[in-house]
Each structure stands twice: as C-alpha cells, then as structure tokens.
Number of protein chains: 2
Amino acid sequence: MKQKRQLAIKEILGQRIIATQEELAQALKKAGFAVTQATLSRDLRELGVGRVSVPEGPRYVLQPENEEQKMRAFLGYEIEGIRANESVVVVKTLPGRAQGVAEIIDNLRHPLVLGTLAGDNTILVTPASVKKIPDVMRVIRSLMSEQARRRPAASS
Amino acid sequence: MKQKRQLAIKEILGQRIIATQEELAQALKKAGFAVTQATLSRDLRELGVGRVSVPEGPRYVLQPENEEQKMRAFLGYEIEGIRANESVVVVKTLPGRAQGVAEIIDNLRHPLVLGTLAGDNTILVTPASVKKIPDVMRVIRSLMSEQARRRPAASS
DNA sequence: CAAAAATGTGAATAATTATGCAAGAAGAAA
DNA sequence: TTTCTTCTTGCATAATTATTCACATTTTTG
C-alpha cells in the first residue's frame, strides 16, 4: 500500500497545489488512501519532496532531479577503481571524468575527507587522518553501491 | 541590510548544510547579521529557498532555477522523437532546433555519449558503446522528464 | 515639513512538521 | 505453527516554521 500511496502523492503534487500535509492527507483520502500527517511526513522525506515558500504561502514541490543526482547515477560507470597507500586514496575514473567525480565527492562534505585534487582520470583524496583511509574508501565505494547491480561497464 | 543578508543566506546554504532556521540564524550571526527566526522565515520565502527532508533529516536547499534548467524546460517541446538502430541514436527535433538541443546534450558531458552531430532537425548521438544505446536513450528522455510528468499516466 | 503609506523587524504564538514510542502486520527462520 | 525480525503506522508531543500584532524606520506624497 505504501508504494502505491507514494506514487499517488507524486501524482497529486504534480497536479494541484498542496500547502500542508493535512491538505495532502485530505486529497489522498479522496483517492482512497487514509493516512495521518505523521505518515505523510515520512513519505515526503522518503520521496525527497521539497517544501518551498512563495509569496502565496508554502507549497510542496517535486524536487527536479538535480545535476548532481543525475551525475551520481552514473558514478558506477565513471569510477574505474579505488586504491590507497599509507597516506592518500586514489580514485581512477574514465578519461576526463575525474573533475566531475571529484566535484561530487567534494560536495559530500564528508568529515573524513579533507579535500580532493583531480586530474584527467585520477583523483587524489586526502583523508582527515591516515587512520581513516579504510573508512574513506568505504564512503566512496558506497557511492557506487546503488549501481552495483547494473552490468559492469564495457568500453567501446 | 536585508539585501546583503539574503545574499549571505544564499552563500551559507551553498556552503554548508543547514537544517533549521535557528541554525541559519546562528551562522548569520557569525557573519555579522543578527536576526530572529521570524525574519529568516520571511527571507527564505522571498528567496524561494526550499526545504527538503532526506533520511538524515530536513535541510534547506537553494532551488535550482538556472539558465540551463529553463532551456531544458523547452526540450520537451523541441524533441519530436528519439529512435535508434544497432549503432547510433537519432533524435528528431523541431525544424532548426537540432543545433540547440545537441548543444545541451553535449554540455551534459555524459560518459555514455561520445559526441553529437546536428543537422537542421536531426541529431546523431554516438554512444560510448552500442551496448549502452538503451541507456543513452534513457538519458535523453530524462531531459524531457519535466514535461512527461505533466501528462498524467494512468496507474493502478 | 507633515501626513500617509510602505517596509522591516521582533515578540509572542498559532500552525505545521518531525519523531519517540508502542502496537499491529507481514515475513523469515526454525 | 511458533518465534523472531522487519516494516508500517498512529498517537502524542517535541521541534520547527509561519503569521499576527505592534512598533519603529524609511519612503512617498501633498
């Protein structure tokens, strides 16, 4: 039921203007989904729906999948490998993609990552501490995990 | 002062993660702007800043309203169709719009797209691999997604 | 200049959202 | 089936946001 309800939420938000979760609850009720505001709060979080205020008042909006999210969807393809020595982590990417991937890593603002330096197909990731290198590698790998089930990249 | 403060708000939101208006007030205070939550509520509305909840909790996000997105808003109208054979993807556009649309596709610098060649109303998109053709088509279709949503799909 | 209108703000509070907790449902394991 | 997890959800309430009211300041108008 949850899944269908969340689909219904997207449809409703795409159609009419919803200002509050209570209002959304009303609309859902008419569509055959009776839930409380608490559940909607959770649904909206899971859906990544945003709430923006405009002069006419607040309203919920489907967040347009932003550039970074789209980029992230392809990290699995772009990252060729992750290695490390005693002091830094090195990420190998497809040719010319290092800048883009580094950008995404930077934007994570992960406390364990001090910063990145990107060349053409290589990124140098500086960990907050050399002791955290395994953790940093895990973090970067986790970026690819979503894509793990897709077929491995085969180059032309 | 108000104008400078709102500029500062944008900067802060672009830099770090802000979960609440109180938190934003703190950050602003350090930047030399002492205001209350009430004022920030108004500022955020005027700025059109959004608040989205993610698994880690709520956070404020600058709503993307940039030029490219506006361009993309027209893509749905400009793209007439997307087809492919065993080796290339062909995008049909409105007369004279192929160059413009190809430009946008190029700017994606998507790893799965080697390059484009645009005529008057036809674009030839070369995929990184013929095996990736379905993915490439998906990518291009996703550019139109904003429009696709307006067409309410019948659902279960 | 004086009066009137518009603007900006804080304090208090109304409105709304997020969450801790507990309970029921649906599976998974034995 | 029984037991143990894992999900979902509602209730109550904590946390947060939006708004009303009052007041001060600035801007506009006559």
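Labels below follow one simple rule: chain letters A, B, ... track the order of the sequence lines, proteins then strands, and each chain is numbered from 1.
With sequence neighbours left out, the side chain to side chain donor-acceptor pair (under 3.5 Å) criterion links B:Thr126 to no other residue. In terms of the side chain to side chain donor-acceptor pair (under 3.5 Å) criterion, residue partners of B:Thr116 (sequence neighbours excluded) are, by chain and number, B:Asp106.
The separation between B:Leu40 atom CG and C:dA11 atom P is 13 Å, rounded to whole Å. The CE atom of A:Met1 sits 13 Å away from the P atom of C:dG27 (whole-angstrom rounding). Atoms CZ (B:Arg5) and C1' (C:dT7) sit 12 Å apart, rounded to a whole Å. Between the NZ atom of A:Lys2 and the P atom of C:dA26 there is a distance of 15 Å, given to the nearest Å. One atom, CD of A:Glu46, and another, P of C:dT19, lie 12 Å apart when rounded to the nearest Å. Atom CZ of B:Arg59 and atom C1' of C:dA18 are 15 Å apart (whole Å).
Extent of DNA chain D lying under 4.0 Å from chain B heavy atoms, first and last nucleotide in 5' to 3' order, is D:dT16 to D:dT20.
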I'd like a table of atom pairs between the protein and nucleotides 20-22 of chain C - only N or O on both sides, under 3.5 Å - with the distance next to each one.
unit_1 : atom_1 : unit_2  : atom_2 : d
C:dG20 : O6     : A:Arg42 : NH2    : 2.7

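Here side-chain hydrogen bond (donor to acceptor under 3.5 Å, both in side chains) pairs that include residues 45-55 of chain B, with residues two or more places apart or in two chains, are B:Lys2-B:Glu46, B:Gln6-B:Glu46.
Contacts of A:Ser41 with the nucleic acid, taken as non-hydrogen atoms under 4.0 Å apart, include base atoms.
Contacts with DNA chain D (heavy atom under 4.0 Å) in residues 20-35 of chain A: A:Ala34, A:Val35, listed by number.
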